[in-house]
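Side chains are part of it too, since the values below use all heavy atoms of this structure and drop only hydrogens, waters and symmetry mates.
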Amino acid sequence: MPIKTYDTISGLRGELSARRSAGAGAGVGFVPTMGALHEGHISLVRRAAAENDITVVSIFLNPLQFDESADLDSYPKTLEADIRLCEAAGTDLVFCPSVREIYPDGASTRIEMDGPTDVLCGRSRPRHFSGVLTVVGKLFHIVEPDAAYFGEKDAQQLAVIRKMVRDLNMNVNIVGCPTVREADGLAMSSRNVHLNADERKASVCLFRALTAALEKLGDAAGHGAPEDDSEWARLTADVTGSARAVLDAEPLARTEYVELLDAETLAPLGGSSRAALCAIAARIGDTRLIDNMRFSLNE
Ligand code: PAF
């Protein structure tokens, strides 16, 4: 069937309900996006299409999750090309609503979370995760997917969405998908188009910093697990220090944070941590990039 696009909630719901009652509803896979699609998004769509009967992609540039309006204004907008990419990757339905459709006048309910939203990117972007959770919660109610697909590149987003689903008893399976990288290691991101040639070369420092951190962590893990909180803190400082040294050596990079945390809870590492997440945010020129790698501890 050819791809169909809907810009109203009622239109999308009507189509989904018709397809479900026609018996095609064994599984609805959902990929929420803000558009400007790249190979990273497309890998999510392909996986959703392979694992479900109906694949829905939303393309909605969510104003609620932008702390800076300049960031929202400069976000690339490529709707027609996005729809073609979705079609080629096996999407059945694209939902591309207006801001007014998602947030009608007077809509003022928000999803707020304490804890993992306050660390990493939450420190410099205090309203960001409430904006993400609010729109993802609304989209889940609209699409009612069986499974929803998110990139591991946005590790904090993935962790807080998993927590929201648990905390609010939402009936959707959250599937994390591996980060897709350019040949030199740069994680694919809609923001990469803002990098000029020098900045593009410099941006590989995030990948190199993470690789250095994971090597350090691997060496330390080979010498046995830390025995108490102060040993975990020392290990964390050593690992983040080795990543920071790589970033500091790149003149075009300004580091916002380098952190090593428990990959599930985003709390400091400790004896009960099953995996560590090393996460970086840095500006290369004016472009803010994030990246992370996960390291298995007791899994
Ligand atoms: O990752 C994104 O593109 C966005 O944060 C999301 C999940 C589509 C919510 O707007």
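The side chain to side chain contact (heavy atoms under 4.5 Å, CB included) test applied to Lys216 returns Asp238, Val239, Ser242, not counting sequence neighbours.
We find the CG-CG distance between Asp67 and Leu72 to be 11.0 Å, quoted to the nearest 0.5 Å. Between atom CG of residue Asn173 and atom CZ of residue Phe30 there is a gap of 14.5 Å, rounded to the nearest 0.5 Å. Between the CD atom of Gln65 and the CG atom of Asp71 there is a distance of 10.0 Å, given to the nearest 0.5 Å. The CG atom of Leu16 lies 10.0 Å from the CZ atom of Phe95; values are rounded to the nearest 0.5 Å. Put simply, CG on Leu120 and CD on Gln156 are 4.5 Å apart, with the number rounded to the nearest 0.5 Å. To the nearest 0.5 Å, atoms OG1 (Thr91) and NZ (Lys4) are separated by 15.0 Å.
Each side chain to side chain donor-acceptor pair (under 3.5 Å) pair with one or both residues in residues 79-90, not counting sequence neighbours, appears once here: Thr78-Asp82.
Here the closest non-hydrogen pair linking Ala159 and Leu266 is CB-CD1, 4.1 Å. Summarising the geometry of Ala148 relative to Val172, their closest heavy-atom pair is N-CG2, 3.8 Å, with the distance given to 0.1 Å. What you find for Ala89 and Ala49 is that their closest heavy atoms are O-CB, 3.9 Å.
Under the 4.0 Å criterion applied to side-chain N and carboxylate O atoms, Arg191 and Asp286 are not assigned as salt-bridge partners. For Asp291 and Arg181, the salt-bridge test passes: some basic side-chain N is under 4.0 Å from an acidic carboxylate O. Checked for salt-bridge contact, Arg200 and Asp184 meet the test: a charged N lies under 4.0 Å from a carboxylate O. Under the 4.0 Å criterion applied to side-chain N and carboxylate O atoms, Arg288 and Glu68 are not assigned as salt-bridge partners. The residues Asp105 and Arg100 are annotated as salt-bridged, a charged nitrogen and a carboxylate oxygen being separated by less than 4.0 angstrom.
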Check against side-chain contact (heavy atoms from CB on, under 4.5 Å), Leu260 and Trp232: CA-CA 10 Å; Leu260 186 73; Trp232 278 108; over 6 Å; no
Given the rule in the side-chain contact (heavy atoms from CB on, under 4.5 Å) test, do Met164 and Asp167 qualify, once you have shown the distances and angles that lead to the verdict? CA-CA 5 Å; Met164 171 182 75; Asp167 288 355; 5.8 Å; no
Checking Tyr149 against Ser43 for the side-chain contact (heavy atoms from CB on, under 4.5 Å) test, could you report, in this order, the C-alpha distance in whole Å, the side-chain angles of both residues, the deciding distance, and whether it holds? CA-CA 10 Å; Tyr149 296 76; Ser43 71; over 6 Å; no
Working note: Leu64 + Arg110, criterion side-chain contact (heavy atoms from CB on, under 4.5 Å); need CA distance, chi angles, decisive distance, verdict. CA-CA 10 Å; Leu64 224 57; Arg110 304 273 187 275; 3.7 Å; yes
How far apart are the C-alpha atoms of Arg294 and Glu264, what are their side-chain angles, what is the distance that settles it, and do they pass the salt bridge (Lys or Arg N to Asp or Glu O under 4.0 Å) test? CA-CA 10 Å; Arg294 196 184 152 103; Glu264 269 87 45; 3.0 Å; yes
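Using a 4.5 Å heavy-atom cutoff, the side chains of His41 and Arg46 are not in contact. For the pair Lys153 and Pro178, the minimum side-chain heavy-atom distance is 4.5 Å or more. At least one side-chain heavy atom of Ser190 sits less than 4.5 Å from a side-chain heavy atom of Tyr75. Residues Leu235 and Leu217 are in side-chain contact: their nearest non-hydrogen atoms beyond the backbone lie under 4.5 Å apart. Contact of the Thr255 side chain with the Asp248 side chain is registered, since non-hydrogen atoms from C-beta on lie closer than 4.5 Å. The closest side-chain heavy-atom distance from Ile59 to Leu79 is below 4.5 Å. Contact annotation: the side chain of Glu101 approaches that of Thr8 to within less than 4.5 Å [non-hydrogen atoms, C-beta and beyond]. Proximity of Ser58 to Thr33: side-chain heavy atoms (C-beta onward) are nowhere separated by under 4.5 Å.
No donor-acceptor distance shorter than 3.5 angstrom exists from the side chain of Asp154 to the backbone of Gln157, with no hydrogens or angles considered. Listed for the Asn192 side chain is a donor-acceptor partner under 3.5 Å among the backbone atoms of Ala187. With hydrogens and angles ignored, the 3.5 Å screen pairs no side-chain donor or acceptor of Asp262 with any backbone N or O of Ala267. A donor-acceptor pair is defined here as one N or O able to donate and one able to accept, closer than 3.5 Å; no such pair exists between the side chain of Lys163 and the backbone of Pro116. Judged purely by atom type and a 3.5 angstrom limit, Glu215 has no side-chain atom pairing as donor or acceptor with the backbone of Ala212. Between the Thr134 side chain and the Ser130 main chain, a donor and an acceptor come within less than 3.5 Å of each other. In this structure a side-chain-to-backbone donor-acceptor pair under 3.5 Å is present from Arg162 to Ile174.
In summary, the side chains of Thr240 and Glu259 do not present any donor paired with an acceptor at a separation below 3.5 Å, with no hydrogens or angles considered. For the residue pair Asn52 / Thr55, no side-chain donor-acceptor distance below 3.5 Å is found, with atom types taken as modelled. A donor and an acceptor atom, one from each side chain of Glu152 and Thr179, are nowhere located under 3.5 Å apart. Inspection of the Tyr103 and Asn62 side chains reveals an N or O donor paired with an N or O acceptor under 3.5 Å.
One hydrophobic cluster, built from ILVMFWY side chains closer than 4.5 Å, cannot hold both Met188 and Leu44; they sit in different ones. The hydrophobic clustering, which links ILVMFWY residues whose side-chain heavy atoms are closer than 4.5 Å, places Phe60 and Met34 apart. Placement of Val56 and Phe150 within a single hydrophobic cluster is found when ILVMFWY residues are connected by side-chain heavy-atom separations under 4.5 Å, directly or transitively. Val119 and Ile280 are assigned to two separate hydrophobic clusters, defined by single-linkage of ILVMFWY side chains at heavy-atom distances under 4.5 Å. If you chain together hydrophobic residues whose side chains sit under 4.5 Å apart, Leu297 and Leu261 never meet in one group.
By the neighbour-count criterion of 12 heavy atoms within 6.0 Å, atom CG of Asp73 is densely surrounded, having more than that number from other residues, nucleotides or ligands.
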